[in-house]
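Below: the structure, in structure tokens.
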Amino acid sequence: MIRISDEIRDALRDGPGVVALETTLIAHGFPPGEGVEVGLASERAVREGGAVPATIGVLDGEIRVGLTEAELRRFDAGARKLGPRDIAPAAVQRALGATTVGGTLTVCRAAGIRFMATGGLGGVHRGWPDPPDVSADLHALAQTRVLVTSSGVKSLLDVPATSELLESLGVTVLGWRTDTLPLFYAAQGGPAVSTRVESATEAAHIAHAHWELGGGGLLLGRPPDASLDDVEPLIDAALAAAAAGGVHGQAVTPFVLSYLHRESGGRTLVANRDLIVGNARLAGEIAAALRR
Ligand code: PSU
Ligand code: MN
């Protein structure tokens with residue numbers, strides 16, 4: 001049921017490191033056609049970092065680890081959004097399925113992949129417990145021996161509450177040359193990280209030591225290169241529009257991202273793309289550093 005490409009299988013055995021990439025941001029995080037370009041740019045960035053990219057999704061009845069460009073182009077907005085609980089059903093039913101961070105981590109566990117990159121982790125939605133929505137990304141990260149590089153937690157969420165829950169779950173939260181967790185589009189203003197790191201080698205050594213101890217996931221927060229510090233009012237407006245429109249569950253995050261991309265005149269789209277690609281490059285460097 002799981003099919004790993006030859007290049008990735010070789011790399012996992014004795015080659016350069018491997019970095020997993022998700023397909024939900026490709027299918028649901030960007031306007032039609034643009035997500036694929038972000039996915040392809042992320043793959044190139046992982047290689048520039050010195051590792052092999054492993055983009056993950058469900059296609060033609062298989063859980064695929066490694067997709068060709070033509071296959072990647074099939075992940076459009078019609079794809080199911082797959083969290084950890086949705087992968088087996090999608091494979092058996094031969095659905096086209098795009099994995100979230102949590103879904104991708106579930107496949108990493110089965111395939112033995114130790115690194116992943118994305119834009120922003122899911123987490124505790126604002127207003128919890130109304131709605132009682134906590135992303136399955138958090139539990140998957142706690143249970144999986146993977147270092148996820150992201151620009152923190154998506155700031156449309158309750159980031160301080162998510163940070164508290166990460167601590168409760170035993171997830172090590174590292175800051176890339178920063179003392180605070182990045183706020184996705186914004187570099188500053190987030191809660192404290194548990195440890196600041198200065199180099200890819202240091203991050204790789206901490207991950208390795210954490211796993212030797214029997215630990216699970218780690219999050220590395222890399223601030224966006226260009227910080228957008230004026231989007232908070234737009235996020236409030238987007239969340240209000242989602243509530244007014246009866247948008248809930250899995251549809252909230254894609255709705256809010258596309259609202260922001262539109263209402264910011266494309267500024268959040270550029271920021272989101274650039275931070276994803278930068279995170280992929282850094283994850284590649286860390287995966288390569290662990291090999292050395
Ligand atoms: N990062 C981005 N854009 C995205 C996501 C991450 O820059 O669209 C996706 C990831 O797949 C993450 C998901 O797992 O958003 C979280 O969705 P939810 O809030 O429904 O758990
Ligand atoms: Mn959710």
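Order of appearance sets the numbers: ligands from 1, and atoms from 1 within every ligand.
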Does one hydrophobic cluster hold both F184 and L157, with members joined at side-chain heavy-atom distances below 4.5 Å? yes
Lys/Arg-Asp/Glu bridge criterion (N-O < 4.0 Å) met for E71, R3: no
Distance alone, cut at 3.5 Å: any donor-acceptor contact between the side chains of T118 and N279? no
Using a 4.0 Å heavy-atom threshold (strictly under), name the region of V101 that reaches ligand 1: side chain, backbone, both or neither. both
Taking 4.0 angstrom as the limit and counting only heavy atoms of T24, give me the atoms of ligand 1 inside it, by number and element. 11 (O)
At under 4.0 Å between heavy atoms, what of V252 touches ligand 1? The answer is neither
Below the 3.5 angstrom mark, is there an N/O of H28, backbone or side chain, next to an N/O of ligand 1? no
Could you list which atoms of ligand 1 come closer than 4.0 Å to a heavy atom of G29? 8 (O)
Between D86 and R80, does the side-chain contact (heavy atoms from CB on, under 4.5 Å) criterion hold? Intermediate values first, please. CA-CA 9 Å; D86 307 309; R80 277 192 206 173; over 6 Å; no
D133: which N/O/S atom is nearest the Mn ion (ligand 2)? OD1
Identify whether the distance between the nearest side-chain nitrogen and carboxylate oxygen of R73 and E37 falls below 4.0 Å. yes
Please list, in number order, the atoms of ligand 1 under 4.0 Å from a heavy atom of F184. 7 (O)
Give yes if a backbone or side-chain nitrogen or oxygen of L157 is under 3.5 Å from a nitrogen or oxygen of ligand 1, and no if not. no
Just which atoms of ligand 1 are under 4.0 Å from any heavy atom in H125? 19 (O)
How does L275 reach ligand 1, by side chain, by backbone, by both or by neither, if only non-hydrogen atoms under 4.0 Å count? neither
With respect to atom 8 (O) of ligand 1, which of V148, T99, L257 exhibits the smallest heavy-atom separation? L257
Judged by heavy atoms only, the candidate from K81, R273, K154 nearest atom 9 (C) of ligand 1 is K154
Just to verify, which of D225, D230, D229 counts as forming a side-chain hydrogen bond (donor to acceptor under 3.5 Å, both in side chains) with S227? D229
If the plane angle is over 60° it's perpendicular, under 30° parallel, otherwise tilted; pick one for F30 and H261. parallel
Using a 4.0 Å cut-off to any heavy atom of G120, which atoms of ligand 1 qualify? 1 (N), 2 (C), 6 (C), 7 (O)
Quick one: do R9 and D6 make a salt bridge, cutoff under 4.0 Å? no
Donor-acceptor contact present, side-chain E7 to main-chain V52, <3.5 Å: no
Where ligand 1 meets D137 - atom numbers and elements under 4.0 angstrom, heavy-atom basis: 12 (C), 14 (O), 16 (C)
For T253, take its heavy atoms, then give the atoms of ligand 1 lying under 4.0 Å from any of them. 15 (O), 17 (O), 18 (P), 19 (O), 20 (O)
Quick check on contacts: which atoms of ligand 1 are under 4.0 angstrom from a heavy atom of L25? 3 (N), 4 (C), 8 (O)
